[in-house]
Amino acid sequence: MSAKKSASYSAGRIAKKVAELGRQITKDYRGRRIDAVVTLDRGFVFAADVLRNVKCPVFCHFVREEVRDVEQGGNTRREVYFSTRPDLKGRDVLVLDAVLESGVTQDFLLRRLGESKPRSLRLAVLLDKTAKRRVALEPDYFGFRNASNGMWVGYGLAAPNGTDRNLKDLSSGGSAASNSSSGRKRGKQ
């Protein structure tokens with residue numbers, strides 16, 4: 001067992017919170033079509049569960065982020081690129097991602113999507129991690145808010161070795177990754 005302090009959210013607690021988010025989104029959009037922009041690779045499980053709880057017409061778009069180090073004038077800077085941008089002019093857009101941490105990537109994506117002049121543009125995240133926020137960005141909808149600096153694993157989020165996305169629970173502090181990689185069986189979900 002790791003000496004790190006761990007936290008977790010059970011599958012039942014996540015399901016309850018996701019259902020609440022779906023009801024709130026349904027209420028806020030009042031039956032209007034939602035153009036959901038889902039971030040890959042982290043947001044797909046959260047987005048699927050939330051959108052199954054939304055009682056409005058939904059059209060899904062998927063974007064994948066790519067971070068590159070770009071050299072210019074002897075200096076290296078990190079840039080974020082996204083796959084092709086959908087045409088969202090006049091649409092009600094809901095961006096879904098699993099984790100909001102520094103906010104830099106989501107802020108960039110929201111600004112890019114905003115260039116197409118959507119009717120509305122909102123952000124929904126499962127985890128709002130406030131401790132490392134680097135930009136003034138708050139989600140419109142969030143499942144859980146915490147100040148953990150730890151890495152979260154399960155419920156669509158991968159361990160450093162790429163495994164454990166399929167775990168029903170969500171945990172930080174490396175407990176899920178260390179349990180599965182050591183070959184020990186996890187307890188009942």
Side-chain angles (χ1 to χ4, degrees), residues 4-63 65 92-107 109-110 113 120-133 135-159 163-177 179-180 186-189:
K4 290 181 183 178
K5 185 177 180 180
S6 68
S8 66
Y9 297 107
S10 70
R13 189 170 175 198
I14 294 168
K16 182 178 177 184
K17 183 55 80 170
V18 164
E20 289 173 15
L21 289 172
R23 285 190 299 275
Q24 185 62 50
I25 291 166
T26 299
K27 179 182 174 187
D28 292 351
Y29 283 89
R30 296 185 286 291
R32 295 188 313 264
R33 170 185 155 156
I34 298 172
D35 278 70
V37 176
V38 180
T39 59
L40 298 174
D41 297 323
R42 300 183 320 179
F44 71 100
V45 172
F46 171 64
D49 286 350
V50 167
L51 294 175
R52 278 194 293 265
N53 284 281
V54 169
K55 307 302 180 215
C56 300
V58 175
F59 191 88
C60 291
H61 308 271
F62 299 91
V63 295
E65 72 182 54
D92 289 304
V93 178
L94 177 64
V95 175
L96 294 117
D97 199 350
V99 181
L100 174 59
E101 192 163 0
S102 74
V104 172
T105 303
Q106 290 93 344
D107 184 60
L109 176 60
L110 290 166
L113 294 174
S120 66
L121 182 57
R122 296 178 182 170
L123 174 64
V125 297
L126 176 64
L127 286 173
D128 183 16
K129 294 176 63 175
T130 58
K132 291 185 180 179
R133 194 67 42 85
V135 296
L137 178 63
E138 293 295 323
D140 299 280
Y141 308 97
F142 65 89
F144 306 102
R145 179 170 278 158
N146 71 54
S148 165
N149 284 326
M151 180 175 187
W152 289 83
V153 175
Y155 195 71
L157 299 176
T163 62
D164 295 336
R165 286 184 191 272
N166 61 319
L167 298 178
K168 294 176 184 178
D169 294 341
L170 183 62
S171 62
S172 74
S175 59
N179 285 346
S180 67
R186 291 175 46 89
K188 285 189 177 182
Q189 298 290 323

Problem set entry | Leu94 versus Ala124, closest heavy-atom pair with distance | CD1-CB, 4.0 Å
Exercise. Closest approach of Gly150 and Trp152, non-hydrogen atoms and distance?
Worked result: O-CD1, 3.4 Å
For this session: Taking Arg165 for its side chain and Thr163 for its backbone only, find out whether a donor-acceptor pair lies under 3.5 Å.
Result: no
Exercise. Is there a side-chain contact between Leu40 and Val63, using heavy atoms and a 4.5 Å cut-off?
Worked result: no
Exercise. What are the two closest heavy atoms between Val58 and Ala36, and how far apart are they?
Worked result: CG1-CB, 4.1 Å
Exercise. Would a 4.5 Å heavy-atom cut-off, applied to side chains only, mark Leu126 and Phe144 as touching?
Worked result: yes
Problem set entry | Student check: side-chain heavy atoms of Ile25 and Tyr141 closer than 4.5 Å | yes
For this session: Working to the nearest 0.5 Å, report the span between OG of Ser120 and CZ of Arg32.
Result: 6.0 Å
For this session: Identify whether NZ of Lys or CZ of Arg in Arg13 sits under 6.0 Å from the centre of the six-membered ring of Tyr9 and within 45° of that ring's axis.
Result: no
Exercise. Which distance, rounded to the nearest 0.5 Å, do you find between the CG of Leu113 and the CG of Leu109?
Worked result: 4.5 Å
Problem set entry | Leu170 and Phe46, any side-chain heavy atoms less than 4.5 Å apart | no
Exercise. How long is the gap from CG on Leu96 to CG on Leu51, to the nearest 0.5 Å?
Worked result: 5.5 Å
Problem set entry | Nearest non-hydrogen partners of Ala158 and Val153, listed with the distance | O-CG2, 4.3 Å
Problem set entry | Salt-bridge contact Asp128-Arg133 (side-chain N to carboxylate O under 4.0 Å) | yes
For this session: Starting at CZ of Phe44, measure out to CG of Leu157 and round the result to the nearest 0.5 Å.
Result: 9.0 Å
For this session: Determine whether Arg42 and Val99 make a side-chain contact, defined as any pair of heavy atoms from C-beta on separated by less than 4.5 Å.
Result: yes
For this session: Please name the residue in the list Lys132, Glu138, Gln106 that meets the side chain to side chain contact (heavy atoms under 4.5 Å, CB included) test with Leu100.
Result: Gln106
Problem set entry | Short side-chain to backbone donor-acceptor contact, Asp140 and Leu123, under 3.5 Å | yes
Exercise. In Å, rounded to the nearest 0.5 Å, how long is the span from OG of Ser8 to CG of Leu167?
Worked result: 11.5 Å
Exercise. Looking at Arg33 and Asp92, does any basic side-chain N land under 4.0 Å from a carboxylate oxygen?
Worked result: no
For this session: Using a 4.5 Å cut-off on heavy atoms from C-beta on, say whether the side chain of Arg122 contacts that of Tyr29.
Result: yes
Problem set entry | Short side-chain to backbone donor-acceptor contact, Asp169 and Ala11, under 3.5 Å | yes
Seminar exercise, completed: Looking only at heavy atoms, the pair that brings Asp164 and Ala159 closest together is OD2-CB, 4.0 Å
Seminar exercise, completed: Heavy-atom closest pair (Gly31 atom, Pro57 atom, distance to 0.1 Å) is O-CD, 3.4 Å
Problem set entry | Any Tyr155 side-chain heavy atom under 4.5 Å of Lys168 side chain | no
Exercise. Hey, are the side chains of Asp35 and His61 touching, using non-hydrogen atoms and a 4.5 Å cut-off?
Worked result: yes
Exercise. Which distance, rounded to the nearest 0.5 Å, do you find between the NZ of Lys129 and the OG of Ser172?
Worked result: 7.5 Å
